[in-house]
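Working notes, beginning with the structure itself.
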Amino acid sequence: MNDITKKINFNDLIKKLFHDKKWENRAEAARKLGYLKDGKAVNLMCRALNKEKDYVVINHIIEALGKIKNPKAVKDILNIFEEELKKPLDKFRIKIIIESLTKIKDKRCLSYIGILLNSEDPELKKLTKKAFNAILPNWFEIIKEKKENLSFSKIFDFKL
């Protein structure tokens with residue numbers, strides 16, 4: 001795909017993401033933007049994430065942001081994560097969030113997702129450990145070393 005075609009495709013996908021009436025088309029646009037892996041899309045996709053009401057489209061935006069791997073998306077993804085924690089557990093959405101944050105590999109998310117290390121759900125617990133291992137491989141040693149003096153959230157308090 002040449003640069004002009006890519007630019008036209010990018011612009012069309014952004015328009016669909018914001019303006020298409022059908023949720024299916026918005027979700028598909030988000031998915032395709034993720035495959036483009038263009039960092040220029042992150043700010044716009046975060047804006048769409050905060051504006052979007054459809055469950056499936058939100059999930060596709062989060063997945064796409066994970067594929068792009070730009071740390072600018074972390075704060076907006078964590079806002080969705082915090083909202084999810086206030087509701088009855090939506091394991092599917094939580095998994096998508098953790099997987100996207102794992103791909104982005106930004107240490108700032110550790111103090112947020114760390115709560116799931118004590119999850120009663122073995123799948124979420126395992127996924128969270130996998131995220132910690134990918135983002136900060138020596139995390140367990142850090143906890144053991146600092147455990148006596150600091151709380152978990154203080155140990156992994158990387159500022160947003």
Side-chain angles (χ1 to χ4, degrees), residues 1-87 89-117 119 123-124 126-139 153 155-160:
M1 187 182 301
N2 66 33
D3 288 342
I4 295 170
T5 308
K6 193 174 183 179
K7 191 173 187 174
I8 291 169
N9 190 30
F10 176 85
N11 290 336
D12 287 343
L13 292 172
I14 293 293
K15 284 178 193 173
K16 278 185 185 175
L17 183 62
F18 277 95
H19 302 296
D20 203 294
K21 299 287 184 222
K22 293 183 178 180
W23 69 265
E24 295 96 337
N25 295 339
R26 294 192 312 276
E28 183 66 13
R31 190 180 69 74
K32 287 180 178 179
L33 283 165
Y35 285 123
L36 288 178
K37 297 182 181 178
D38 190 335
K40 293 182 292 187
V42 173
N43 288 338
L44 291 166
M45 291 181 73
C46 287
R47 193 173 335 145
L49 179 65
N50 293 317
K51 171 186 165 280
E52 185 60 55
K53 300 294 182 223
D54 188 272
Y55 179 87
V56 176
V57 179
I58 291 170
N59 289 346
H60 279 279
I61 294 171
I62 293 169
E63 284 177 323
L65 288 168
K67 286 181 179 134
I68 296 171
K69 299 179 183 178
N70 190 313
K72 288 181 187 178
V74 170
K75 186 176 181 184
D76 292 290
I77 295 171
L78 288 174
N79 287 341
I80 300 290
F81 179 74
E82 287 186 311
E83 290 301 313
E84 286 302 315
L85 292 179
K86 295 174 187 174
K87 304 174 188 175
L89 181 66
D90 180 348
K91 188 174 168 178
F92 185 73
R93 168 79 50 90
I94 297 295
K95 284 173 60 176
I96 288 171
I97 291 170
I98 300 299
E99 288 168 353
S100 290
L101 291 170
T102 302
K103 290 174 186 172
I104 296 171
K105 293 187 178 184
D106 191 310
K107 294 176 186 174
R108 297 174 298 169
C109 72
L110 297 177
S111 64
Y112 292 83
I113 66 171
I115 192 169
L116 296 176
L117 288 171
S119 175
E123 192 176 358
L124 287 179
K126 183 178 178 181
L127 188 62
T128 304
K129 284 182 181 179
K130 183 179 172 187
F132 267 75
N133 287 331
I135 297 167
L136 190 65
N138 63 336
W139 67 275
S153 61
I155 293 170
F156 296 107
D157 187 21
F158 301 98
K159 300 292 181 207
L160 275 178

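Keep in mind that the numbers below use all heavy atoms, side chains included, and drop hydrogens, waters and symmetry copies.
Here the CD1 atom belonging to Ile94 is positioned 10.5 Å from the CD1 atom belonging to Ile113, to the nearest 0.5 angstrom. Interatomic distance, Leu117 CG to Phe132 CZ, rounded to the nearest 0.5 Å: 4.5 Å. Between Arg31 atom CZ and Glu63 atom CD the span is 10.0 Å, to the nearest 0.5 Å. How far CD of Glu99 is from CD1 of Ile104: 12.5 Å, rounded to the nearest 0.5 Å. The structure places NZ of Lys32 at 15.0 Å from CZ of Phe10, a figure rounded to the nearest 0.5 Å. Atom CD1 of residue Ile58 and atom NZ of residue Lys53 lie 7.5 Å apart, to the nearest 0.5 angstrom.
Under the 4.5 Å side-chain criterion, counting only non-hydrogen atoms from C-beta, Asp106 is not in contact with Ile135. The side-chain heavy atoms of Tyr112 and Val74, taken from C-beta on, include no pair separated by under 4.5 Å.
Evaluation of the side-chain hydrogen bond (donor to acceptor under 3.5 Å, both in side chains) rule for Lys130 yields no partner, not counting sequence neighbours. Applying the side chain to side chain contact (heavy atoms under 4.5 Å, CB included) test to Tyr55 and every residue at least two apart in sequence or in another chain returns Asn59, Asp90, Phe92, Arg93. Partners of Asp76 by side chain to side chain contact (heavy atoms under 4.5 Å, CB included), not counting sequence neighbours, listed by chain and number: Cys46, Leu49, Asn50, Asn79. Under the salt bridge (charged side-chain N to carboxylate O under 4.0 Å, His left out) criterion, Lys95 pairs with Glu123, sequence neighbours left out. Ala64 meets the side chain to side chain contact (heavy atoms under 4.5 Å, CB included) test with Met45; sequence neighbours excluded. Applying the side chain to side chain contact (heavy atoms under 4.5 Å, CB included) test to Asp54 and every residue at least two apart in sequence or in another chain returns Trp23, Arg26, Glu52, Val56, Val57.
Between Ile97 and Glu84, the shortest heavy-atom contact is CD1-CG, 4.4 Å. Pairing each heavy atom of Lys51 with each of Phe18, the nearest pair is NZ-O, 3.2 Å. Here the shortest heavy-atom pairing between Thr102 and Ala134 reads CG2-CB, 3.7 Å.
The 12-atom threshold is not exceeded at NZ of Lys22, counting heavy atoms of other residues, nucleotides or ligands nearer than 6.0 Å. More than 12 heavy atoms of other residues, nucleotides or ligands shown are found within 6.0 angstrom of NZ on Lys67. Heavy-atom contacts from other residues, nucleotides or ligands closer than 6.0 Å to NZ of Lys16 number 12 or fewer.
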Task: side-chain contact (heavy atoms from CB on, under 4.5 Å) between Ser100 and Ile62, worked out - done: CA-CA 7 Å; Ser100 290; Ile62 293 169; 3.5 Å; yes
Open item on the list: For a side-chain contact (heavy atoms from CB on, under 4.5 Å) check, start with the C-alpha distance between Leu44 and Leu17, then their side-chain angles and the critical distance, and finish with the verdict.
Closed with: CA-CA 9 Å; Leu44 291 166; Leu17 183 62; over 6 Å; no
TODO: Could you give me the CA-CA distance, side-chain angles and deciding distance for Asn138 and Leu136, then say whether side-chain contact (heavy atoms from CB on, under 4.5 Å) is met?
DONE: CA-CA 6 Å; Asn138 63 336; Leu136 190 65; 3.6 Å; yes
Open item on the list: Would Leu78 and Leu101 count as a side-chain contact (heavy atoms from CB on, under 4.5 Å) here? Give the steps.
Closed with: CA-CA 9 Å; Leu78 288 174; Leu101 291 170; 3.7 Å; yes
